[in-house]
Amino acid sequence: MSELSSAHRITIAEASRHAGETVSIPGWLYNLRRSGKIVFPLLRDGTGVMQCVGVKANLPEATFETLKNLTQESSLILTGKIREEGRAPGGYEMDIERVEVVQRVPEEHPYPITPKDHGVDFLMDHRHLWLRSKRQHAIIGIRHEVIRGIRDYFDSHGFTLVDTPIFTPAACEGTSTLFEVDYFDDEKVYLTQSGQLYNEANAMAFGKVYCFGPTFRAEKSKTRRHLTEFWMVEPEMAYADLEDVKRVGEELVCFVIARVLENRREELKALERDVAKLEAVKAPFHRMSYDDAVKLLQGKGSEIQWGGDFGNTDETLLTEGLDRPVMVDRYPTEVKAFYFQPDAERPELALGVDFIAPEGYGEIIGGGQRIHDCDLLLKRLEEHKLPREAFEWYLDLRRYGTVPHAGFGMGVERFVAWMSGIEHIRETIAYPRMLYRTRP
RNA sequence: UGUAGGGUAGCCAAACUGGUAAGGCGCCUGACUGUUAAUCAGGAGACUGCGGGUUCGAAUCCCGCCCCUACAGCCA
C-alpha cells in the first residue's frame, strides 16, 4: 500500500501530534458537506473521524471534482496539512492537497446506512456495515476495554487462564437447553453452557484459574438481555468460600469500571452515558440475604413467594434507588444447580450469590461455593436424576484431595450494556446470535 | 411458547368512520468559499409483507400464512 500514500501515514487518533505537517490518512468517507467552491469531506479511519477541507481555488480542477463527487463510504487516501481549527469537530482539520480514491461507491448502489433514522431490523440485517457507525464503534470499543480489564484483573491477581472445552459430552447443569452437534460416528456432543465443572478440576491443579470464552444457551428467550451465544468469564478458586466470591466479584467489577472510565471517556460521551452513575459504583456493594430480598420485594408489591426465583421486574425492584450493585446470597437449594454447597446452619439454603446491577441491567454475576464432599455430591446427582457415569471424573475431584472451593461467572455482554448505558444487549457484540437471528 | 403492537419506494414515515398513496433522508440535476445529520430550487423512485374474501371501490374491513418489535417465562 506504500505507493498509495505520498506522505507520512498517520491515523486520525494521532492527528493532534502532527499539526503543521503534511501527512496521508487512509480511510473511508463518513459524510460530505458541500458548498459550491468548498467541500468538507469527513474522513473515518477506525480511530476517529476528521473533517478535511478542499477549496476549489487552491486545488487542480480534477482534484476538486473528485472530492466534490465522492460518495458515502468510498475508500480513499487524503493527503494534506494538519491544522488546529476551532470550527472543526475534533479541533483539527486537514487542508487537502491530494486525494487518491481506492474505490468509489457507485451511486447506483449507494451505501445503505444513511446518517438518518433506521429501524432495528434493517440495521441488524446490515450489521456488517452498521459497525462502521459512531455508536456501534463506541460500544465495541467499550467491550474491548471491558475484556482487557477482566483479563488484566485476573492475570495480575494470581489466576491462570485455563480455557475449557466448547464441545461437551453432557449438560453441565442439567437445566438449560443445550445446542446439539453431530460429532463423528453418530456421537452427539453439545455446545458448552458453562466451563464450571472443568474449572473446578483446573482449580485443583492450579489453585486459582479462569476461563474466558463463548457459551451457548438454546433457550427460547426473546428479551433485551438474552443472546444464544454470549461470552462469559468464569474464575474458580481452591480453598475458597462464598465470602471469597463476593470479595473477588466486587473487586473485579470495580477494577473494570475504573478502566472503562479511565480509557473510554470518548466512547462514553458518544453514547451520552451518565458517567456519574458509573463513578458512583464503589465497594462495598450492598449485601442482602435471599430471605430479606423476598421480604423487601413483597413489601414493594411483588408476587414472589419464598422458594421462587426472581423475575425481571423483581431484579429491577431490588436495585431501585441504589447506586451500586446488590449481592443477594443464600438461595433456596431447589432453585440452584446441583453442585452448590448447602449452608451449614440452614441446609435448605445454597451458598450461592448473584450480583444484580443497578439501572435495571439485571444479574451480571452468578456464583458461589461448590460441594466438596463426595457423598453429598453423589446424593445431589441422584436427586437431580443425573447419570453418575458421566460425572465420575467430576467425583474424582472429591476423591483425591478435595477442598472447599468457589467461583462465579460474569456475562460480558450484560456488563458492556451496563457500562454503555444501552437498552439492548444485541449491540454489545459484533454479530449477535439471537432466537431468530443468525445472520450476517 | 404466550400476550400486545406492527409490516406503505433503498431507508424513516403520514393517510379520520373504506373514495384511488403526504412529507423527510438517500440518489440525480442546478445554486452557494466555513459547512456542523449544511441549506435552497427541481427530478426520478411504490403491484401498500404474501394468498384469498367482502365491496361499485380496500393501505384501511374479514380469514389464513410469513416476518419484525416489546413484554413475560428461563437465565448470564
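In this text, all values refer to a predicted model and were calculated from it rather than measured experimentally. A note on names: the letters A, B, ... follow the listed sequences, proteins ahead of strands, and every chain is numbered from 1.
- Pairing for B:C27 is with B:G43, a Watson-Crick or G-U wobble pair whose two hydrogen-bonding atom distances lie under 3.5 Å.
- Look at B:U33: it lacks any Watson-Crick or wobble partner with both distances under 3.5 angstrom.
- Base pairing analysis places B:G18 opposite nothing; no Watson-Crick or G-U wobble pair with both distances below 3.5 Å involves it.
- Pair assignment for B:C50 gives B:G64, based on Watson-Crick or G-U wobble hydrogen-bonding distances that are each under 3.5 Å.
- The ring pair (Phe, Tyr, Trp, His ring centres under 6.0 Å) with A:H157 is formed by just one residue from the set A:F154, A:F159, A:Y153; it is A:Y153.
- Atom NZ in A:K116 sits roughly 16 Å away from atom C1' in B:G10 (whole-Å rounding).
- B:U48 and B:U20 have their C1' atoms separated by 13 Å, with the value rounded to a whole Å.
- Among residues two or more places apart in sequence or in another chain, the side chain to side chain contact (heavy atoms under 4.5 Å, CB included) test is passed with A:P60 by A:T63.
- With 3.5 Å as the limit, one finds no donor-acceptor pair spanning the side chains of A:R87 and A:Q51.
- We find the CG-OG1 distance between A:D95 and A:T79 to be 13.0 Å, quoted to the nearest 0.5 Å.
- A:F122 comes within 4.0 angstrom of the backbone, heavy atoms only, and of no base.
- Atom pair A:H109:NE2 and B:C11:C1' shows a separation of 17 Å (rounding to whole Å applied).
- Between A:Y394 and A:F338, the ring planes are perpendicular. Angles over 60° get that label, and only those under 30° would be called parallel.
- Between A:Y290 and A:F310, the distance from one ring center to the other falls under 6.0 angstrom.
- The gap from the C1' atom of B:A13 to that of B:A76 amounts to 37 Å, rounded to the nearest Å.
- A:R330 pairs in a salt bridge (charged side-chain N to carboxylate O under 4.0 Å, His left out) with only one of the listed residues (A:D291, A:D343, A:D292, A:D354), which is A:D343.
- Distance noted for atom P between B:C61 and B:C16: 10 Å (whole Å).
- Applying the salt bridge (Lys or Arg N to Asp or Glu O under 4.0 Å) definition to pairs two or more places apart or across chains, those involving residues 133-150 of chain A are A:R135-A:E427, A:R143-A:E413, A:E145-A:R148, A:E145-A:R264.
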Nucleotide N/O to protein N/O under 3.5 Å, stretch nucleotides 26-34 of chain B:
residue: B:C28; atom: OP1; partner: A:E107; partner atom: OE1; Å: 2.7
residue: B:C32; atom: N3; partner: A:G36; partner atom: N; Å: 3.2
residue: B:C32; atom: N4; partner: A:G36; partner atom: N; Å: 3.3
residue: B:U33; atom: OP2; partner: A:K37; partner atom: N; Å: 3.4
residue: B:G34; atom: O2'; partner: A:R87; partner atom: NH1; Å: 3.3
residue: B:G34; atom: N1; partner: A:E93; partner atom: OE1; Å: 3.0
residue: B:G34; atom: N2; partner: A:Q51; partner atom: NE2; Å: 3.2
residue: B:G34; atom: N2; partner: A:E93; partner atom: OE1; Å: 3.4
residue: B:G34; atom: N2; partner: A:E93; partner atom: OE2; Å: 2.4

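- Residue A:T223 is in base contact, counting any heavy-atom pair closer than 4.0 Å across all strands shown.
- Look at the C1' atom in both B:U17 and B:C27: the space between them is 39 Å, to the nearest Å.
- The separation between A:D314 atom CG and B:C71 atom P is 16 Å, rounded to whole Å.
- Heavy atoms of A:H424 sit under 4.0 angstrom from primed sugar atoms or phosphate atoms, though from no base atom.
- Residue A:I365 is in sugar-phosphate contact alone, with no base atom involved, counting any heavy-atom pair closer than 4.0 Å across all strands shown.
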>> Can you build the contact string for nucleotides 1-9 of chain B? Use B for base contact, S for sugar-phosphate-only contact, and - for no protein heavy atom under 4.0 Å.
In response: B--------
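- Using a 4.0 Å heavy-atom criterion, one finds that A:G311 contacts the sugar-phosphate atoms exclusively.
- Listed by first and then second residue, the salt bridge (Lys or Arg N to Asp or Glu O under 4.0 Å) pairs involving residues 304-315 of chain A are A:R225-A:E315 (not counting sequence neighbours).
- Residue A:H226 places a side-chain atom within donor-acceptor reach of the base of B:C75, judged by atom type and a 3.5 Å distance cut-off alone.
- Within the structure, every pair that satisfies the salt bridge (Lys or Arg N to Asp or Glu O under 4.0 Å) test and touches residues 52-74 of chain A, not counting sequence neighbours, is listed here: A:R44-A:E73, A:E65-A:K68, A:E73-A:R132.
- A:D354 comes within 4.0 angstrom of no nucleic acid atom, judged by non-hydrogen atoms across all strands.
- A:P89 comes within contact range of at least one nucleobase, with a heavy-atom separation under 4.0 Å.
- Pairing for B:A72 goes to B:U1, judged as Watson-Crick or G-U wobble with the two contacts each under 3.5 Å.
- Taking the C1' atom of each, B:A21 and B:A46 are spaced 8 Å apart, rounded to whole Å.
- For a distance-only test at 3.5 Å, the side chain of A:R225 fails to qualify as a donor-acceptor partner of the base of B:C74.
- Comparing atom distances between the A:D309 side chain and each of B:C75, B:G24, B:U69 picks out B:C75 as nearest.
- Side-chain N/O atoms of A:S194 and A:E234 include a donor and acceptor closer than 3.5 Å.
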